[in-house]
Asker: 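I have a structure here, written as structure tokens, and I will follow up with some questions on it.
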Amino acid sequence: MNRLLPNNGKFCCPRWNKICVILTNTMCNTQHSLMLKRSPVCDGFKIQIVRLCYPPISYHVESRSRTIHQTLLVTVHSKKFRWEEEKKNDRTKWNFLEHKGPVFAPDYEPLPQDVKFYYNGKEMKLKPETEEVATFYARMLDHDYTTKKIFNTNFFTDWRDVMTESERSKIMELSKCNFKEMHAYFLQKSEERKAMSKEEKKKIKEQNEEIQKEYGFCTIDGHKEKIGNFKIEPPGLFRGRGEHPKMGKLKKRVIPEDVLINCSKDSVIPKPPPGHKWREVRHDPNVTWLASWTENVQGQVKYVMLNPSSKLKGEKDWQKYEIARKLAKSIDKIRAEYREDWKSKEMRIRQRAVALYFIDKLALRAGNEKDEDQADTVGCCSLRVEHISLHEHKDGKDFVVVFDFLGKDSIRYYNEVPVEKRVFKNVQLFMENKSPGDDLFDRLNTTVMNKHLNELMEGLTAKVFRTYNASWTLQQQLEKLTNADDTVAEKILAYNRANRAVAILCNHQRAVPKTHAKSMENLKAKIVAKKEAISEAEMQVKDAKRDAKHGSVKEKVVYEKKKKMLDRLREQLARLEVQATDREENKEIALGTSKLNYLDPRISVAWCKKYDVPIEKIYNKTQRDKFRWAIDMAGPEYIF
DNA sequence: TTAACCACTTAGCATATAAACT
DNA sequence: AGTTTATATGCTAAGTGGTTAA
């Protein structure tokens, strides 16, 4: 027992139901000899060795002794896991945190002499700071942004701010500025980058890996873990989404004097770049960020945080899905309750109940209030009268509410929803005597809603409904669409369809890919070619059949062969056609967001196991890293 | 009681890389 | 082998929801 040395004597849990132990090679160093050991115990728990991780999967623990260590994954046989006991009522996120600080954007490299800027047709040399900001604009010359008035005005105002007195006195109008040479220069640069030889590309890749190795990891409670965004955002022009009033404003260069560092007191404090100082070094174990700075455009704090594969993030993700599962258990009660509230005498309660119905039925976002200086978008609680219209009858359906508004990221939400009569009448009532710009739910906001939800169930907030609905839908669809005797390819198609149903529910859209039309054309051409091949093959089969009828054995074999060929062609055609419809249906739907943020991975993993689909077909490497907690633990019992 | 602040999750787009095709 | 197309990854904006300060 005491010969197992978990993390130099200390207990450590890299994944919350797995325990990492270190075994010295003085005991054994092969899996075989491990298997010969009696069932080991670790800190009072009976443990079983699941598999040898050699090299370790995603972390390693350093040791001061000279003995070689192996890292093992083990499962605890006790029902109560150690980490649960440790976590109770504890706000601390870590006990030890050490890292190298963030990586700053490279310094500005002035343009070559022959790349010129012209104002009003005349060449003009800009001082480096002015030139740098000009290049930000020049890079975007063929982007839609530069056709927008707000973008141009904001850019020009901020640009003039960085100019010297004399530059400012000359450059008075953006329309007289000619950035074309700069633009062409950057295009050429990117072409050059693309045309680089293999060796050059490899060299650059290696350099990046060096940086990643040095700055991309931290040590948190004995484990080396990946950092999500260790590079500080470079300066540029702010690209807000939708009609953002601040689009085009200059996002300034961040320097160490802007940056807060968060780490352990007893860790090696990261060194600021030569000649600089950090704004502050603090040691706050109640937060998970490693560094932060305040961005100048919106005044928001930006953070350097851990990668989703980290224990800290994984645990949080797991908790999220656990709450969604809890909601699944009490959803009937909650639904009954809000239906009852539709009849309430209090307007406040009715509004709350109708809004909750929308959140539940349509998976709408909560809808916090927003400031004036942001794009005008809404969620459920912030819906305005102008965003919905009521139809007693529409397209053969009764009591239809039509939603038409811009949601997060200014993505349009349009949905014609038949609702229950009582809901319809309530909405009618909420709209009475209001102007289009008035709030639909004037007695409601997200705080009120979430307070109520928390009373219904501990940990319940509006966003949990989205998670619950998404995961629940995935499971329903998977059950409906999967056949056990389908091929793996067909099963994956079923999975993607289920995924798509969720993406539609959550309104996860994307711009139609630029190459969509062309790739569609190519696919159609392939289908036509395949059809021609089929008719050709049909003819041949016919001939062969005739020959085979009275022919020799050899001719019969030929006939069989031709028949098989035809079948194969038909299969290929079917596959192409499926691919075509799939691509067409998918062109403006983004599957990634729901897969990454809304679908309980344990459902997917259980489905893979049940239908014998390799996990790699569903999740790529990044996703497998993120969902490792689920891949390790999931079994059929994790169906929702 | 409200607004500001803070920390963290969720989001789509751009670009890099890998895979498929010719 | 080079080119095109698909997928993965990086980036950072924009949400949610809790806490704190006025």
Side-chain angles (χ1 to χ4, degrees), chain A residues 91 93 105 139-140 143-145 190 193-196 198 201 204-205 208 212 216 228-234 236 238-242 244 246-247 251 260 262 284 286-289 292 294-295 297-308 312-313 316-317 319-320 365-371 374-375 377-382 406-411 445-447 449-451 453-454 459-464 466-467 470 503 506-511 513-516 518-520 522-523 526 579 583 586 588-598 619-623 625:
Chain A
R91 284 158 54 104
K93 307 291 198 304
R139 281 170 198 276
M140 296 180 71
H143 198 287
D144 238 19
Y145 274 118
S190 92
R193 229 185 353 263
K194 267 184 228 157
M196 273 188 311
K198 271 217 178 99
K201 279 185 184 167
I204 290 176
K205 200 177 168 190
N208 286 336
Q212 160 107 19
N229 55 326
F230 57 91
K231 285 182 183 160
I232 285 193
E233 297 170 17
F238 177 75
R239 297 153 92 114
R241 316 256 168 88
H244 201 295
K246 293 196 171 176
M247 65 168 83
K251 203 168 90 169
L260 273 161
N262 192 35
D284 183 356
N286 297 320
V287 296
T288 65
W289 52 268
S292 73
T294 303
E295 155 269 353
V297 176
Q298 312 223 69
Q300 287 170 347
V301 184
K302 300 266 185 166
Y303 301 94
V304 171
M305 286 194 190
L306 293 172
N307 186 276
L312 220 58
K313 294 281 188 189
K316 202 76 191 297
D317 211 32
Q319 280 173 7
K320 175 180 79 184
R365 294 189 185 84
N368 283 316
E369 283 107 300
K370 293 179 75 181
D371 289 340
Q374 287 169 296
T377 63
V378 297
C380 186
C381 294
S382 50
L406 297 182
K408 181 174 178 180
D409 293 307
S410 294
I411 296 291
N445 60 38
T446 53
T447 311
M449 176 63 86
N450 283 332
K451 221 168 181 181
L453 292 176
N454 199 255
L460 187 62
T461 62
K463 85 198 261 284
V464 179
R466 247 166 106 77
T467 313
C506 294
N507 199 40
H508 290 141
Q509 299 186 27
R510 62 170 181 176
K514 282 191 191 91
T515 53
H516 175 77
K518 209 171 97 192
S519 75
M520 219 50 207
N522 291 346
L523 202 54
K526 272 190 198 167
Q579 202 186 344
R583 195 181 295 174
N586 242 357
E588 44 198 1
I589 299 168
L591 299 185
T593 305
S594 48
K595 201 184 207 177
L596 231 51
N597 300 306
Y598 288 101
Y619 291 139
N620 66 31
K621 199 172 126 295
T622 318
Q623 292 162 350
D625 281 348

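To find a chain, count down the sequence lines: A is the first, B the second, and so on, and within it residues start at 1.
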Asker: Specify the separation, in whole Å, of atom CD of Q509(A) and atom P of dA11(B).
Answerer: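 Atom-to-atom, Q509(A) to dA11(B), this comes out as 12 Å.
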
Asker: To the nearest angstrom, how far is Q300(A) atom CD from dA4(B) atom P?
Answerer: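 Atom CD in Q300(A) sits about 14 Å away from atom P in dA4(B).
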
Asker: In this structure, how many angstroms lie between the C1' atom of dT10(B) and the NZ atom of K313(A), rounded?
Answerer: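 Result: 11 Å.
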
Asker: So W289(A) and Y303(A), would you call those rings parallel, tilted or perpendicular, with 30° and 60° as cut-offs?
Answerer: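 Taking Y303(A) first and then W289(A), their aromatic rings sit tilted (interplane angle of 30° to 60°).
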
Asker: On the side chain of K408(A), is there an atom forming a donor-acceptor pair with the base of dT10(B) - under 3.5 Å, no angle test?
Answerer: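 By the distance-only test, yes, there is a pair.
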
Asker: Can you check the E588(A) CD to dC13(B) P distance for me, whole Å?
Answerer: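 Going from CD in E588(A) over to P in dC13(B) covers 11 Å.
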
Asker: On DNA chain B, compare the nucleotides closest to W289(A) and R365(A); which residue's is nearer the 5' end?
Answerer: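 Result of the comparison: W289(A).
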
Asker: Hey, does H143(A) reach any base, or is it just sugar-phosphate, or nothing, if we go heavy atoms under 4.0 Å?
Answerer: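 Touches sugar-phosphate only.
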
Asker: Would you mind telling me which residue lines up with the more 5' stretch of DNA chain B, T593(A) or V287(A), judged by nearest nucleotide?
Answerer: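 By nearest-heavy-atom nucleotide position, the 5'-most residue is V287(A).
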
Asker: With sugar-phosphate meaning primed atoms plus P, OP1 and OP2, does R139(A) contact a base, only sugar-phosphate, or nothing at under 4.0 Å between heavy atoms?
Answerer: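 The residue R139(A) makes no contact with any strand.
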
Asker: Send over the distance from L596(A) CG to dT9(B) P, rounded to a whole Å.
Answerer: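 Value for this atom pair: 12 Å.
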
Asker: Nearest to the side chain of N450(A), which nucleotide is it out of dG18(C), dA16(B), dA7(B)?
Answerer: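 Output: dG18(C).
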
Asker: Starting at CD of E295(A) and ending at C1' of dA14(C), how long is that distance when rounded to a whole Å?
Answerer: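 Rounded to the whole Å, the gap is 12 Å.
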
Asker: Name the residue closer to the 5' end of DNA chain C, choosing between R583(A) and G240(A) according to the nucleotide with the nearest heavy atom.
Answerer: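 The 5'-side residue here is R583(A).
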
Asker: In whole Å, what is the span from the CG atom of N586(A) to the P atom of dG12(B)?
Answerer: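 Computing the N586(A):CG to dG12(B):P distance gives 13 Å.
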
Asker: Take atom CE of M140(A) and atom P of dC11(C), then tell me their distance rounded to the nearest Å.
Answerer: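 To the nearest whole Å, that distance equals 17 Å.
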
Asker: Answer with yes or no whether the side chains of R239(A) and Y145(A) bring together a donor and an acceptor at under 3.5 Å.
Answerer: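 Their side chains do not contain a donor-acceptor pair, so the 3.5 Å distance test is not met.
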
Asker: Under 4.0 Å between any heavy atoms, over every strand shown, what does G367(A) touch: base, sugar-phosphate, or nothing? Just pick one.
Answerer: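 Sugar-phosphate: the residue G367(A), judged by heavy atoms under 4.0 Å, touches backbone atoms but no base.
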
Asker: Please figure out whether K463(A) or E233(A) has its closest DNA chain C nucleotide nearer the 5' end.
Answerer: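 Per heavy-atom nearest nucleotide, the more 5' residue is E233(A).
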
